[in-house]
Number of protein chains: 2
Amino acid sequence: MAIHKHQEFDAEAQELAALAKALAHPARVAIVRLLARRQAWVCGDLVLALPLSQSTVSQHLKELKAAGLVQGEVDGPRVCYCLSPTGWARARQLLGGLLAELLATAASCGC
Amino acid sequence: MAIHKHQEFDAEAQELAALAKALAHPARVAIVRLLARRQAWVCGDLVLALPLSQSTVSQHLKELKAAGLVQGEVDGPRVCYCLSPTGWARARQLLGGLLAELLATAASCGC
DNA sequence: TTCTTTCATCGTTAATTTGCGATAAGCAAT
DNA sequence: ATTGCTTATCGCAAATTAACGATGAAAGAA
């Protein structure tokens, strides 16, 4: 397509789409769930828990960080990852808003 | 990467990721919201409401249908689109489940 | 200092996505 | 039958993503 038209849509749609994109890969969903179960993981342990190489896991973590869903803190030679409370608060707000919008109509589609 | 490793992850992560991918573009978020506001849209009206060509809108609708979030019903020469109640019930279940898993830890990350 | 460990980044390859115009397919008229 | 409208699909170009190995950079241990 040459040019992506993301800018043509309103800010909230873009934000929701960006958030959804961060979760649009099973590896990233898996990372989020691992972080939910045990609240802090060293990067290397995440690599051991996932069927992916170190560089690939690092790349997925970078995307989750860019989306604001995950935080990393340097601890000597290692990096400790955990979920970002503010990022997930926003996610909850956006997703909850969308699902609420849908509640009225989704139950009565007569087309 | 050559080979995508989606199969290496558990079914629920894959399902959640597929759902997120369907919402990972602002055009598709916009379509869902339009369908939420007015419960049935003819394809051509969606095209008029979006800054995209007919073929591109049709493509996005195809992806939303494949994800089970949208239904299309042929009505003479036109096609009437609306949200899929069962698809959104599943989405609510999966997203709600994820957010619930996060509730415990996301508020207390001390890394 | 030198070595080792840990992680991020670079460069590459393959696949997928986005977007469009053009074409086909279906239906309802004329 | 032919025409006109509506939507889906095809084929293409450009961009992005997924994955990996290899190479860096930073910190701690020897």
Side-chain angles (χ1 to χ4, degrees), chain A residues 1-9 13-14 17-31 34-35 40-67 70-82 111, chain B residues 1-9 13-14 17-31 34-35 40-67 70-82 111:
Chain A
M1 78 325 217
I3 290 174
H4 284 196
K5 296 197 156 183
H6 287 216
Q7 310 304 332
E8 310 263 355
F9 299 90
Q14 287 183 49
L19 202 141
K21 177 147 52 168
L23 296 175
H25 191 290
R28 294 195 288 271
V29 172
I31 289 173
L34 289 172
L35 293 177
W41 286 69
V42 166
C43 178
D45 291 340
L46 286 171
V47 173
L48 292 178
L50 295 165
L52 298 170
S53 75
Q54 182 267 323
S55 60
T56 303
V57 172
S58 195
Q59 179 65 25
H60 283 306
L61 284 168
K62 186 181 181 181
E63 288 178 50
L64 286 169
K65 262 197 297 185
V70 153
Q71 292 172 339
E73 191 163 306
V74 177
D75 171 31
R78 19 198 112 200
V79 177
C80 165
Y81 282 97
C82 58
C111 80
Chain B
M1 63 354 198
I3 292 172
H4 285 195
K5 296 196 156 182
H6 287 215
Q7 311 303 333
E8 310 263 356
F9 298 89
Q14 288 183 47
L19 203 141
K21 179 149 50 169
L23 296 175
H25 192 290
R28 294 193 288 270
V29 172
I31 289 172
L34 288 172
L35 293 177
W41 286 71
V42 167
C43 178
D45 291 339
L46 286 171
V47 173
L48 292 178
L50 295 166
L52 298 170
S53 75
Q54 183 267 322
S55 61
T56 303
V57 171
S58 195
Q59 179 64 24
H60 283 305
L61 284 167
K62 186 182 182 181
E63 288 179 51
L64 287 169
K65 262 197 296 185
V70 153
Q71 293 173 339
E73 191 163 306
V74 177
D75 171 32
R78 22 199 110 201
V79 178
C80 166
Y81 281 97
C82 58
C111 78

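Given the structure is predicted, the values throughout are model-derived calculations rather than measurements. Chain identifiers are assigned alphabetically (A, B, ...) following the order of the sequence lines, protein sequences preceding nucleic acid strands; residue numbering begins at 1 within each chain.
We find that CG of Asp45(A) is positioned 13 Å from C1' of dT5(C), with the value rounded to whole Å. When the P atom of dT9(C) is taken as reference, atom CD of Gln54(A) falls 11 Å away, rounded to whole Å. A straight line from CG of Leu23(A) to C1' of dT17(D) spans 16 Å, rounded to a whole angstrom. The CD-C1' distance, from Glu63(A) to dT9(C), rounds to 14 Å in whole Å. In this structure, Glu73(B) places its CD atom 16 Å from C1' of dT6(D), rounding to the nearest Å. The nearest whole Å value for the distance from the CG atom in Leu52(A) to the P atom in dA18(D) is 11 Å. Put simply, CG on Asp75(A) is 12 Å from P on dA27(D), counting in whole angstrom units. Going from atom CG of Leu50(B) over to atom P of dC20(C) covers 11 Å, rounded to whole Å.
Summarising the geometry, atom CZ belonging to Arg78(A) is positioned 14.0 Å from atom CH2 belonging to Trp41(A); distances are rounded to the nearest 0.5 Å. Taken to the nearest 0.5 Å, the CD atom of Gln59(A) stands 10.5 Å off from the CG atom of Leu64(A). Considering NZ of Lys21(B) and CZ of Arg28(B), their distance stands at 9.0 Å, rounded to 0.5 Å. One distance of note links CD1 of Ile31(A) with CG of Leu61(A); it measures 4.5 Å at 0.5 Å rounding.
Residue His60(A) has no polar side-chain atom (N or O) positioned under 4.0 Å from OP1 or OP2 of dT17(D). Applying the 4.0 Å criterion to OP1 and OP2 of dA8(D), one finds that Tyr81(B) has a side-chain N or O inside that range. Taking side-chain N and O atoms only, Ser58(A) has no distance below 4.0 Å to OP1 or OP2 of dC7(C). Using a 4.0 Å cut-off, no side-chain N or O of Lys21(A) falls inside it from OP1 or OP2 of dT17(C). One finds a side-chain N or O of Ser53(A) lying less than 4.0 angstrom from the OP1 or OP2 phosphate oxygen of dC20(D). OP1 and OP2 of dG26(C) both lie 4.0 Å or more from every side-chain N or O belonging to Arg78(B).
A donor-acceptor contact closer than 3.5 angstrom links the side chains of Ser53(A) and Thr56(A).
Summary of the strand contacts: Cys43(B) and Ala27(A) both lie near DNA chain D, and taking for each the nucleotide with the nearest heavy atom, the more 5' one is attributed to Cys43(B). Residues Lys65(B) and Val74(A) both approach DNA chain D. Their nearest nucleotides, taken by heavy-atom distance, put Lys65(B) toward the 5′ side.
Set against dA19(D), dA8(D), dC7(C), the side chain of His25(A) has dA19(D) as its closest nucleotide. Here the nucleotide nearest the side chain of Lys62(B), chosen from dT6(C), dC20(C), dT9(D), is dT9(D). Listed candidates were dA18(D), dC7(C), dC20(C). Nearest to the side chain of Val42(A) is dC7(C).
No hydrogens or angles were tested; on distance alone, a donor-acceptor pair under 3.5 Å links the side chain of Ser55(B) to the base of dG21(C).
Residue Val47(A) is out of contact with every strand shown, counting any heavy-atom pair closer than 4.0 Å. Contacts of Gln59(B) with the nucleic acid, taken as non-hydrogen atoms under 4.0 Å apart, are absent.
At least one side-chain heavy atom of Lys5(B) sits less than 4.5 Å from a side-chain heavy atom of Leu52(A).
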